[in-house]
Amino acid sequence: MGATASHLGKDLLSEYQELTFLTKQEILLAHKRFTELLSREDKNLPEPRAPTEAILTLPELKSNPFRERIVRVFSTSESRDGLTFEDFLDLLSAFSDSATLEIKSHYAFRIFDFDDDGTLDENDLEKLVNCLTGETDDTRLTPDEMKQLISNILEESDIDKDGTVNLSEFQHVISRSPDFVSSFKIVL
Amino acid sequence: MPRKTDVSQLEDVGIDIDTELSNSDEEAPKRAKKGGRGGGRGGRGRGKKAASEEEDDEDEVPAPRGRRGGNRKAARKGKDGDDEDADDDDDEDGKGPKKRGAGGRGGRGGRGGRGGGRGGRGGKKGGKGKEGDEESEEEEDKKGAKGKKKGGKKGKDEEEEEEEEEEGGKGDKGATGKKGAKGKGKAKEDDKKKKKKGGGSSSSNSDEEDSMSEGEMAKLMEEVEEKKKLIATIRNKPWRMRRRLTHLRESQQFVDKFEGALGKGKGRKWYAYKVMMKKKWIKFERDFENFRTACIPWERKIKEVESHFGSSVASYFIFLRWMYGMNLVMFGFTFGLVVIPEVLMGLPYGSIPRKTVPRAEADSAQDYSVLMDFNGYCKYSVLFYGFYNNQRTIGLLQFRLPLSYLLVGIGTFGYSLMVVIRTMAKNADVGGGDGEDGEFTFAWKMFTSWDYLIGNAETADNKYASITTSFKESIVDEQENQKDENIHLRRFLRVLANFMIICCLGGSGYLIFFVVKRSQEFASRDDLSWYEKNELEIIMSLLGLVCPPLFETIAELEEYHPRIALKWQLGRIFALFLGNLYTFLFALFDEVNTKLELEGSIRNASLWNMKEYYANFTLNSNDSEATPPPMHPSDIIRGPCWETGVGIEFVKLTVSDIQVTYLTILIGDFARAVIVRFLNYCWCWDLEAGFPSYGEFDISGNVLGLVFNQGMIWMGAFYAPGLVGINVLRLLSSMYYQCWAVMATNVPHERVFKASKSNNFYMGLLLLILFLSLLPVVFTIMTLPPSFDCGPFSGKAKMFDVIMETIDLDLPAFLGTLFSYAANPGLIIPAVLLMVLAIYYLNSVSEAYQGANMELKKKMQMARDEEKNRRNNTESTDQVQKDLDDLLPNRSLAPEPEKEEPPPKPTKVKPGAAGKKDLQKDVTLASPNPNVRGPVNRPPGPRGPGPMPGHPGGPGPGGRGQGRPGPPPR
């Protein structure tokens, strides 16, 4: 794939436009930013992969509590770290302004699914809450509150009462939220 | 790809054998076995694939494939199945192109046969219909042994499959024999054909090859369409890029190849041309889209702000940018159609009285202070209404300036109205379904509260804190909802607060009225201090500055939830601004009326003066024949020209508003930030964390300021065309200035709330303001007579007479009569009636839809509750019943200890889970239960030996309780 070249081929560029919600400029910018992340020796590889640490230094992701999850979800490598350029484009496309609710909620679900088992169970939810409340102790919830919160959430969104939230339940909840689409965005 | 070729060879062999065997139909079992082997082969290949899939893609693959399977019709073409296999393989081991060339395309020569064979297999899968790809693949995945079994089981299918394979081989031979450009595709088409016929004749094959029947055409067309659709929607699929890429190339190749083949014969060229144009068009559209996004300014700047302050602050800047765009268009209209024609083609400055500074003012006309008040030269410039001449046409082009002036003035409103409403509709569309509040409070807080745009550690920390508080708050809220403290006190406080605020509003209104009155008094005097001259603007700005914080303080009394409090606050500020604006307007109208009265006498004086001048001239020169030189324009006595007066008021108001806004930012934010930052080194307490700290960006205040500014522009633009230009400059500068100020001096909000819906709230405010500013302008245009000696409408009884004049003079006569008919009340009243009816109709339709919506929602809710209850029944309601059973005297012993345990559990959780919701839930559990419990509990009925028959309609809980002396045997 031409992603390795210092510039993108014209055909590839138009294909990327076809395949993502990004415009030409955004793709070019993404490519520029991506090549900046690569180390020198990486650039010569046929399929360069930006290491996770490098990606996490992006200012857009730096303060995001889900940054590791995001990289993991979008990574195609076996060990689930590092992104190729196409993974990177996937990421930006899903987080772009014009991506549909369906795409966004799909990826959101996978980001929240910490153990990658296809459902959000109590452990996932707990981790999620911990991510949202930050690392410091004074913002953490007490175990009681946590339990409370999780049971409330399951009460609301777990329609089939199997103790977990699955993708369709998740999408059902999300699709009615007024501000999910506007906040689930990352712009380079 | 050794694996692949391997498989293909095996398959080829299989085909050969099949050909040999195909004559003897009795040999079915054998063949089935072979088919099983084929399946096994496939299984082996896939097994490997599946393995790699597992490590790579496990969670992603099932869903899309399932979906895809669903999309495909049962009569799926064999080729497609084949394609998909190839795709999936490609996807996984990433050696796409080669393999695709081999399998998918049904490629050249001998390979076509294999393509066909594989296609046949795919076809079988398709034939299985509903189960779809996924399942069959899964089945095949289960290794060779299983495949064999399946082969036995589905002997029939396999038989067909083999026949197809064989035909594929033949078809291939035929194709190669015939060769030709078409050969490539043919093999595949054959497959399809065969699929249609099931295991039909293999001999007739080659005959059909050349001519594509209508059905095939349609089929191919359908397929091409499907591929096209896939290309168009591929970005909506949550697949890996690699996979989408292969799919895309795949489909594009397919479309490229077959699109040409479709329009064979007569329509071919035309079809090809159409296809080409379509492609070009798509490309053009995409380029245009790229170009358009490239043209959106300040993307970076806003993004920077966004990442520091979250989307709410950014929403202000986006709103500002939107406003700038709208004003730019208005500016284009006003300057392009009114100002520039007047400058280029109209009479120059000093040629006629209205374009000249009067002699009395000439001395001071260039003073800075005078110019700053928009008097002197400013007053007699293109910026204001009075400068324009009432000449019907100007310049070589016969440009009808007065008409253009009126149309632009009205068109500005029309355009703004359209844009605002369109944006609102779009926003509402994006907003999507808004679930009722409270249905998903917790889930939303959990899943959607993070703002992914935040890219700044400090903001992120604030966000963490605010999320935590909101979690805690909502938990506490739930608990506290039931207990009510002193409601009366709260009510009293709220009434008190509202009373105070109304007092404030009334006071400010009166103050403005008073000041305007006073300024009229001042107008007749000359010795005015700077303050007296600018009193009105200063007072208005001060009110705008002081009142909002005052309101905020008063609102503390009310103890509303912050979100509600914000709404109230916005509403009150809105009322304040609106009140001020309208008081100002009424005072202005007063002034205009006095000016209008004055005008009559001035007009006479002016005429008299003119006559006097000529009389004097003839008297002095003694030469009655000589024509007197015209009076110098600056000497002529002029009317007050109320339009210019109004325009000047608005321009002054706008300018002072800009000054105040900018100064507030400079002092309130920048100076404060500097002091806090640098004095912090030598101060007794921590300034940054303590009292003054840094300012926060006041979103609501800024938005309201912007909205009101726009209102003034709309009102004033008709009387001061230059106002639009000033506003464009203002918006442009404030974009940079505020971006800088926000980044340099402000800190992120402590309570970060998201923009989301408020956007339409802003738009709603804007619409309201637009309407309110439309009223006075239209009123003046329709009712007040224009000044007699200034402006494009001078000399006419009403401004809109220009239109009548144009109709009469410029348009053909029949159009004039047409218009007069159209203006006939007999026509207008029915038209209005029709519109009212249409509104009524649409309204009732939308109401009906709303009702239907509610109904559906209710149904969904009910279904959900029912579902819940059904699930719950197995546990909780059964428990209720068990409890009842336990209480009964006969019942004792064994299971009790265990059973005692579960009941407390839900109750233990629930009180914590907090009152209202759970109470409700209990209620819902209780009430619908009788219906639902029926089916669940009926089974025990028959089992209960004796007593049950006495209670056939068992469901009533009470009835059952007494009616069952003994427990049913278990």
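Computed from a predicted model, the values in this text were never measured in an experiment. Sequence lines set the chain letters: A, B, ... in the order given, protein chains first and strands last, and positions in each chain run from 1.
Under the 4.5 Å side-chain criterion, counting only non-hydrogen atoms from C-beta, A:E26 is not in contact with A:L92. Here the side chains of A:Q171 and A:H106 are in contact, with some heavy-atom distance below 4.5 Å.
Interface residue A:S14: backbone and side-chain heavy atoms are both found under 4.5 Å from chain B. Neither the backbone nor the side chain of A:F109 comes within contact range of chain B; no heavy atoms are under 4.5 Å apart. With a 4.5 Å cut-off on non-hydrogen atoms, A:L19 touches chain B through its backbone and its side chain both. With a threshold of 4.5 angstrom between heavy atoms, A:K62 does not approach chain B through any atom at all. In this structure, chain B has no heavy atom under 4.5 Å from any part of A:L91.
Of the listed residues (A:L61, A:L101, A:L125, A:D87), the one with the most heavy-atom contacts under 4.5 Å to chain B is A:L125. Looking only at heavy-atom pairs under 4.5 Å with chain B, the residue among A:L154, A:L128, A:I186 that has the most is A:L128. Ranking A:I70, A:L58, A:L120, A:I153 against chain B, the residue ahead of the rest is A:I153, based on heavy-atom pairs under 4.5 Å. Interface check for chain B: of the options A:F112, A:F95, A:F21, the most heavy-atom pairs under 4.5 Å are formed by A:F21.
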task: Please report the C-alpha distance between A:F184 and B:W450 in whole Å, then the side-chain angles of each, then the deciding distance to 0.1 Å, and finally whether the side chain to side chain contact (heavy atoms under 4.5 Å, CB included) criterion is met.
output: CA-CA 8 Å; A:F184 196 75; B:W450 186 258; over 6 Å; no
### Query
What do the steps show when you test A:R33 against A:E60 for salt bridge (Lys or Arg N to Asp or Glu O under 4.0 Å), and what is the final call?
CA-CA 11 Å; A:R33 295 290 293 274; A:E60 286 77 15; 3.1 Å; yes
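Qualifying salt bridge (charged side-chain N to carboxylate O under 4.0 Å, His left out) partners for B:R292, counting only residues two or more places apart in sequence or in other chains: B:E289.
Aromatic ring centres of A:F88 and A:F74 lie farther apart than the 6.0 Å criterion allows.
A tilted orientation is assigned to the rings of A:F34 and A:F85, their planes being inclined by 30° to 60°.
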